[in-house]
Structures are given as structure tokens and as C-alpha cells.
Novice: 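Okay, here's the structure, questions in a sec.
Position 1 is the first residue of the sequence; numbering continues from there. We count ligands from 1, going down the list as the structure has it; atoms in each ligand are counted the same way.
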Amino acid sequence: MVSSGTHTMRTLDDQYGRTARDLRVSLTDRCNLRCTYCMPAEGLEWMPTDEALSDDEVIRLIRIGVERLGLRQVRFTGGEPLLRKSLERIVRATTALRTDQGAAPSTAITTNGLGLAKRASSLVEAGLERVNVSLDTLDRHTYAALTRRDRLQDVFAGIEAALTAGLTPVKLNSVLMPGVNDDEVDDLVNFALDMGVQLRFIEQMPLGPAERWDRSAMVTADDILQRLNDGFDLTPMEEPRGAAPAALWQVSDGKRTGEIGIIASVTHPFCAACDRTRLTTDGAIRSCLFSAQHEEVSLRDLMRSGASDAALAEAWRKAMWEKKPGHGIATLGFSQPERLMSEIGG
Ligand code: SAM
Ligand code: SF4
């Protein structure tokens with residue numbers, strides 16, 4: 001236990017020796033795309049506004065997390081976080097905080113990139129540091145089929161704007177699916193090398209519409225590595241990875257050099273090093289992406305019944321103490337969480 005100025009700092013520890021430092025906040029369950037692996041074509045039944053946290057409520061919980069519980073990084077996600085009009089206000093309030101190390105918390109967003117072209121500079125002005133843009137294909141028709149919207153050009157514009165505005169680093173996230181976009185490994189790497197950004201391949205997880213995930217048909221990290229090895233020179237980057245989920249490789253085609261990450265959440269889970277805690281759009285703490293709904297702890301309900309900052313911090317600590325050792329996707333008893341990725345915050 002350490003004292004951080006006015007408060008006593010107690011960290012978000014669990015029974016397996018992990019301490020959460022990285023907060024993922026879902027700012028909305030809504031989205032302007034309908035990626036097949038994430039949402040059904042008709043979208044979801046969106047959460048009523050009064051169930052979602054207000055700006056002041058989100059800001060209060062982030063402040064408690066940083067000032068009382070030792071959080072050092074905050075990533076805003078969703079749904080699509082750029083659909084939250086007050087994102088700049090929330091980022092500004094977050095970067096005004098000071099962590100236990102005396103610095104502003106590191107801030108990031110994960111976005112599909114639509115609308116980023118317009119917002120990149122105002123987000124930088126608000127203090128945002130980093131962005132991950134999801135881009136699974138470079139082909140307009142594949143993009144339209146995969147996301148059910150013909151918006152690929154907007155994503156390209158968003159990536160350009162993020163680089164111009166000085167967001168650092170800009171990373172790209174790609175989920176590969178057999179027969180859909182798994183023939184684009186080389187094209188995606190070449191695009192990332194051209195843009196000078198890091199590309200991370202993410203294994204598809206059982207978090208979207210249930211019929212969309214098939215363990216035996218998924219593109220695994222080992223498949224991706226093999227395909228990369230065919231076209232590029234790969235050199236593993238230095239261990240230790242710490243809590244970073246991506247195994248990193250330096251990639252080169254003889255002329256250009258860059259970094260590629262592979263996030264093998266399913267086939268080589270990194271649960272033992274996980275340092276994340278999650279806040280859902282409606283103000284519940286989840287210790288894991290794969291927690292069951294009954295394991296969530298609603299800070300919103302506590303807050304709305306008048307709980308103090310100290311009581312909210314204690315409830316958050318209790319929720320994280322119960323974090324399981326791993327997600328268990330590969331185990332027999334695994335069942336997909338009731339909530340989809342877009343509500344939890346990916
Ligand atoms: N809308 C934003 C976006 O797409 O970047 C943020 C939310 S989205 C849920 C966050 C990330 O989760 C995206 O990179 C997306 O590709 C990824 N994702 C969504 N469903 C997934 C699944 N079933 N398996 C693996 N990744 C998934
Ligand atoms: Fe929307 Fe992101 Fe889900 Fe695609 S992955 S539907 S962009 S929330």
C-alpha cells in the first residue's frame with residue numbers, strides 16, 4: 001500500500017499474482033459497421049441511453065482507477081468509440097490525471113477508423129497518444145462484404161490523418177478468416193511497411209455471433225507465421241513481452257523493414273501476464289473479456305445509489321481479486337460469454 005498524494009493507493013491485484021494497470025473502457029455499444037465476426041447484419045438491440053454511463057460517470061470511474069487503484073493506461077473502445085461525441089472531453093479529463101508514477105495516464109483508442117480523418121487533430125489536442133485502427137482487407141469488395149458497409153476509403157483517410165496529426169504509434173489490427181481475407185497476408189504487410197506502421201494479426205475469438213466461430217476452421221498464429229515466412233525475412237523481437245499480448249517480429253522484404261505482431265489469444269493465450277481490467281458501456285467491471293455476465297460487478301448501480309469514491313474503489317478491487325487464471329477457451333467446459341465484444345469493449 002502506498003500513499004498517492006491525497007489518497008491511499010491500493011492496486012487491482014488478483015489471487016494469481018497479477019496487478020491490473022491497463023483499463024479498457026467501452027464508450028458505446030453502437031457501431032457504424034457490422035463486421036461479420038462481431039455483429040449480426042441487423043445490428044444489436046442498442047443499450048438505452050440511461051443505462052449507459054454518462055460522461056461524468058465515466059470520468060469519475062477513470063479518476064478513481066488512476067488515483068486510487070494504480071491504473072496507468074486507458075484505452076477507449078466499444079462498439080465504435082468515435083461515435084461518442086464527447087470522446088475529446090473524456091480524453092482531456094483522463095490526461096489531466098496523474099498516475100502513481102506522477103505521469104499522465106497513457107491514452108489510446110481502438111477504432112474502425114470511420115470519422116477519424118475529421119477527429120484526429122482534436123483528439124491529439126485533447127491529449128490522445130495512440131491509436132489502433134482495425135483493417136482486415138485492402139480490397140473494397142471484400143471490405144464491403146466483411147463489414148457490410150462500403151467504407152474502405154474512409155479508413156484509409158483515417159489512417160493518413162492519424163499519422164499527420166502525430167498519433168504515435170499508429171497500429172493496424174487485422175483478423176483473418178479462411179476464404180475471406182486470409183489470402184491478403186502479404187498485401188496487408190506490404191501496406192503496413194509502406195505506411196511505416198505496425199500491423200498486428202489477431203486470432204478470431206468466440207465473441208461474435210456464435211455461428212461465426214469455428215475453432216477447427218480458424219486461421220491460427222502458426223498459420224500466419226508460416227505464410228509470413230514464405231514472403232518475408234522474420235526476426236523475433238526481444239523478449240520479455242511483459243503484459244503485451246502481441247509476439248513481435250521484425251519483418252523485412254530486403255528493402256523495407258517494419259514490425260509485425262501476432263496476437264494468439266486462442267492458441268497461445270497470454271492470460272498469465274494479463275494486466276487488464278474492463279469497464280463496460282453500462283458501468284460494469286469485467287476482469288476478463290471472457291467473464292460470464294454474473295461475474296460482472298456494476299459500479300454504475302453502486303454509484304447511482306450514492307457510493308463514495310472509496311467504496312467504488314473497494315468494489316472494483318473485489319471484482320478484480322476474483323479474476324480467473326485463464327479464459328479457458330480450449331477447455332471442455334468453455335461457453336461463450338453472453339455479451340458480445342461490442343458491448344464489453346474489445
Ligand atoms: N469498433 C472498433 C474497432 O473495430 O476497432 C473498436 C471495437 S472492436 C470490438 C475492437 C477489436 O476487436 C477490433 O480490432 C476487431 O477487429 C476485434 N474483434 C471484434 N470481434 C472479434 C472476434 N470475434 N475475434 C477477434 N477480434 C475481434
Ligand atoms: Fe464495429 Fe468494431 Fe465490431 Fe466491426 S469490430 S462491428 S467496427 S465494433
Side-chain angles (χ1 to χ4, degrees), residues 24-44 46-47 75-84 87 108-116 119 130-137 142-152 154-155 158-159 162 167 170-178 180-182 184 188 197-215 217-221 224 245-246 261-267 269-270 276 278-281 286 289-290 327 329 334 336-337 339-346:
R24 309 265 146 152
V25 185
S26 173
L27 287 180
T28 175
D29 61 334
R30 292 166 205 231
C31 192
N32 38 14
L33 295 182
R34 299 283 183 276
C35 303
T36 53
Y37 52 74
C38 182
M39 280 194 197
E42 64 280 12
L44 297 164
W46 307 127
M47 191 178 287
R75 176 173 293 276
F76 299 103
T77 173
E80 177 43 50
L82 291 177
L83 293 184
R84 183 98 177 204
L87 178 60
I109 59 170
T110 300
T111 171
N112 60 29
L114 304 188
L116 186 58
R119 307 272 291 277
R130 301 177 287 135
V131 63
N132 288 17
V133 181
S134 302
L135 178 66
D136 303 324
T137 172
T142 308
Y143 188 88
L146 204 159
T147 67
R148 303 186 178 106
R149 301 287 186 272
D150 183 11
R151 303 286 302 270
L152 182 60
D154 297 302
V155 187
I159 296 168
L167 287 164
V170 174
K171 294 184 187 173
L172 302 180
N173 288 351
S174 299
V175 177
L176 294 177
M177 282 147 289
V180 178
N181 62 343
D182 61 337
E184 288 193 60
L188 286 163
V197 301
Q198 188 193 98
L199 168 66
R200 294 133 36 101
F201 291 105
I202 305 175
E203 283 182 342
Q204 187 182 351
M205 296 180 277
L207 281 169
E211 74 283 3
R212 290 282 175 178
W213 193 77
D214 176 356
R215 171 69 182 84
M218 65 173 276
V219 182
T220 65
I224 299 166
I262 302 184
I263 305 186
S265 325
V266 177
T267 59
F270 41 88
R276 294 179 186 173
R278 292 171 186 277
L279 182 62
T280 62
T281 312
R286 289 175 81 92
L289 252 184
F290 293 92
H327 58 46
I329 294 178
F334 176 77
Q336 182 170 336
R339 296 235 230 183
L340 299 184
M341 183 83 136
S342 51
E343 293 172 273
I344 304 166

Novice: Quick one: does Gly79 get an N or O within less than 3.5 Å of an N or O on ligand 1?
Specialist: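 Yes - when backbone and side-chain N and O of Gly79 are compared with those of ligand 1, one distance drops under 3.5 Å.
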Novice: Does Thr111 approach ligand 1 within less than 4.0 angstrom via side chain, backbone, both or neither, non-hydrogen atoms only?
Specialist: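 It is the backbone that touches ligand 1; the side chain stays farther off.
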Novice: Between the side chains of Arg286 and Thr280, is a donor N or O closer than 3.5 angstrom to an acceptor N or O?
Specialist: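 Checked: Arg286/Thr280 side chains show no N/O donor-acceptor pair below 3.5 Å.
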Novice: Taking only heavy atoms of Gly79 into account, list the atoms of ligand 2 that are under 4.0 Å away from them.
Specialist: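 The atoms of ligand 2 under 4.0 Å from a heavy atom of Gly79 are 8 (S).
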Novice: Who's closest to atom 8 (S) of ligand 1 heavy-atom-wise, of Ser265, Gly78, Cys31?
Specialist: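 It is Gly78 whose heavy atom sits nearest to atom 8 (S) of ligand 1.
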Novice: Taking all non-hydrogen atoms of both residues into account, name the closest pair between Leu116 and Ala162 and its distance.
Specialist: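 Here Leu116 and Ala162 meet closest at CD2-CB, 4.0 Å.
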Novice: Regarding ligand 1, does Met205 bring an N or O atom to under 3.5 Å of one of the ligand's N or O atoms?
Specialist: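 Yes - when backbone and side-chain N and O of Met205 are compared with those of ligand 1, one distance drops under 3.5 Å.
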Novice: Show which atoms of ligand 1 fall inside a sub-4.0 Å distance from at least one heavy-atom site of Asn173.
Specialist: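 Numbered from 1, ligand 1 contributes 14 (O).
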Novice: Provide, to 0.1 Å, the distance between atom 6 (S) of ligand 2 and the closest protein heavy atom, together with that atom's residue and name.
Specialist: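 The closest one turns out to be Cys35 N, 3.3 Å.
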Novice: Hey, which atoms in ligand 1 end up nearer than 4.0 Å to a heavy atom of Glu203?
Specialist: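 Taking each heavy atom of Glu203 in turn, ligand 1 has 25 (C) under 4.0 Å.
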Novice: Identify the two heavy atoms, one from Pro81 and one from Phe76, that lie closest to each other, and give their separation to 0.1 Å.
Specialist: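 So the minimum-distance heavy-atom pair works out to CG-O, 3.8 Å.
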Novice: For a quick test of reading the model, state the closest non-hydrogen atom pair linking Ala221 to Ala264 and the distance between them.
Specialist: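 Closest pair (atom of Ala221, atom of Ala264, distance): CB-CB, 3.6 Å.
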Novice: Could you tell me whether some N/O pair between Gln204 and ligand 1 is separated by less than 3.5 angstrom?
Specialist: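 By distance alone, the answer is no.
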Novice: Under a 3.5 Å distance rule, please check whether Arg119 uses its side chain to pair with a backbone N or O of Leu82 as donor and acceptor.
Specialist: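 Indeed, once roles are kept as given, a pair shorter than 3.5 Å links the two residues.
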Novice: Do any of the N/O/S atoms of Cys31, backbone or side chain, fall under 2.8 Å from atom 4 (Fe) of ligand 2?
Specialist: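 Checking atom 4 (Fe) of ligand 2 against Cys31, no N, O or S atom falls under 2.8 Å.
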Novice: Can you tell me if Ser134 contacts ligand 2 (heavy atom of the residue under 4.0 Å from the ligand)?
Specialist: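 Ser134: no contact with ligand 2 (<4.0 Å).
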Novice: Show the atoms of ligand 1 that are less than 4.0 angstrom away from any heavy atom in Ser134.
Specialist: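 Taking each heavy atom of Ser134 in turn, ligand 1 has 3 (C), 4 (O), 5 (O), 13 (C), 14 (O) under 4.0 Å.
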Novice: Using only atom types and a distance under 3.5 Å, with no angle test, would you say the side chain of Arg34 pairs donor to acceptor with the backbone of Arg148?
Specialist: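 Such a contact is absent between Arg34 side chain and Arg148 backbone.
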Novice: Do side-chain atoms of Ser134 reach the backbone of Asn173 as a donor and acceptor pair under 3.5 angstrom?
Specialist: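 No.
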Novice: Relative to the heavy atoms of Glu80, which atoms of ligand 1 are at a distance of less than 4.0 Å?
Specialist: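 Under 4.0 Å from Glu80, ligand 1 has these atoms: 1 (N), 2 (C).
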Novice: Looking only at heavy atoms, is any part of Val175 under 4.0 Å from ligand 1, and if so is it the side chain, the backbone, or both, or is it neither?
Specialist: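 The answer is the side chain of Val175.
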Novice: Just by modelled atom types, is the Val175 backbone N or O under 3.5 Å from a matching donor or acceptor in the Gln204 side chain?
Specialist: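 Absent.
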Novice: Where the side chain of Arg130 meets the backbone of Thr110, is there a donor-acceptor pair that is under 3.5 Å apart?
Specialist: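 Answer holds: no.
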Novice: Any idea which atoms of ligand 2 are less than 4.0 Å away from a heavy-atom of Leu33?
Specialist: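 By the 4.0 Å cutoff, the relevant atoms are 6 (S), 7 (S).
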Novice: Show which atoms of ligand 1 fall inside a sub-4.0 Å distance from at least one heavy-atom site of Asn112.
Specialist: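 Those of ligand 1 that fall under 4.0 Å from Asn112 are 2 (C), 3 (C), 5 (O).
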Novice: So, Asn112 versus Glu80: side-chain donor-acceptor pair below 3.5 Å or not?
Specialist: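 A pair is found: one side chain offers a donor N or O, the other an acceptor, under 3.5 Å apart.
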Novice: Mark yes or no for whether Arg75, through its side chain, and Ile109, through its backbone, hold a donor-acceptor pair below 3.5 Å.
Specialist: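 Yes, because the side chain of Arg75 sits within donor-acceptor range (under 3.5 Å) of the backbone of Ile109.
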Novice: Look at the N, O or S atoms of Cys38, main chain and side chain alike, and state whether any lies under 2.8 Å from atom 1 (Fe) of ligand 2.
Specialist: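 Checking atom 1 (Fe) of ligand 2 against Cys38, no N, O or S atom falls under 2.8 Å.
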Novice: State the atoms of ligand 1, each with its element, that fall below the 4.0 Å cut-off from a heavy-atom position in Thr77.
Specialist: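 Close to Thr77: 6 (C), 7 (C).
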Novice: Is any N or O atom of Tyr37, backbone or side chain, closer than 3.5 Å to an N or O atom of ligand 1?
Specialist: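 For ligand 1, there is an N or O atom that lies under 3.5 Å from one belonging to Tyr37.
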Novice: For Glu203 and Val266, work out which heavy atoms get closest and say how close.
Specialist: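 Minimum heavy-atom contact is OE1-N, 2.9 Å.
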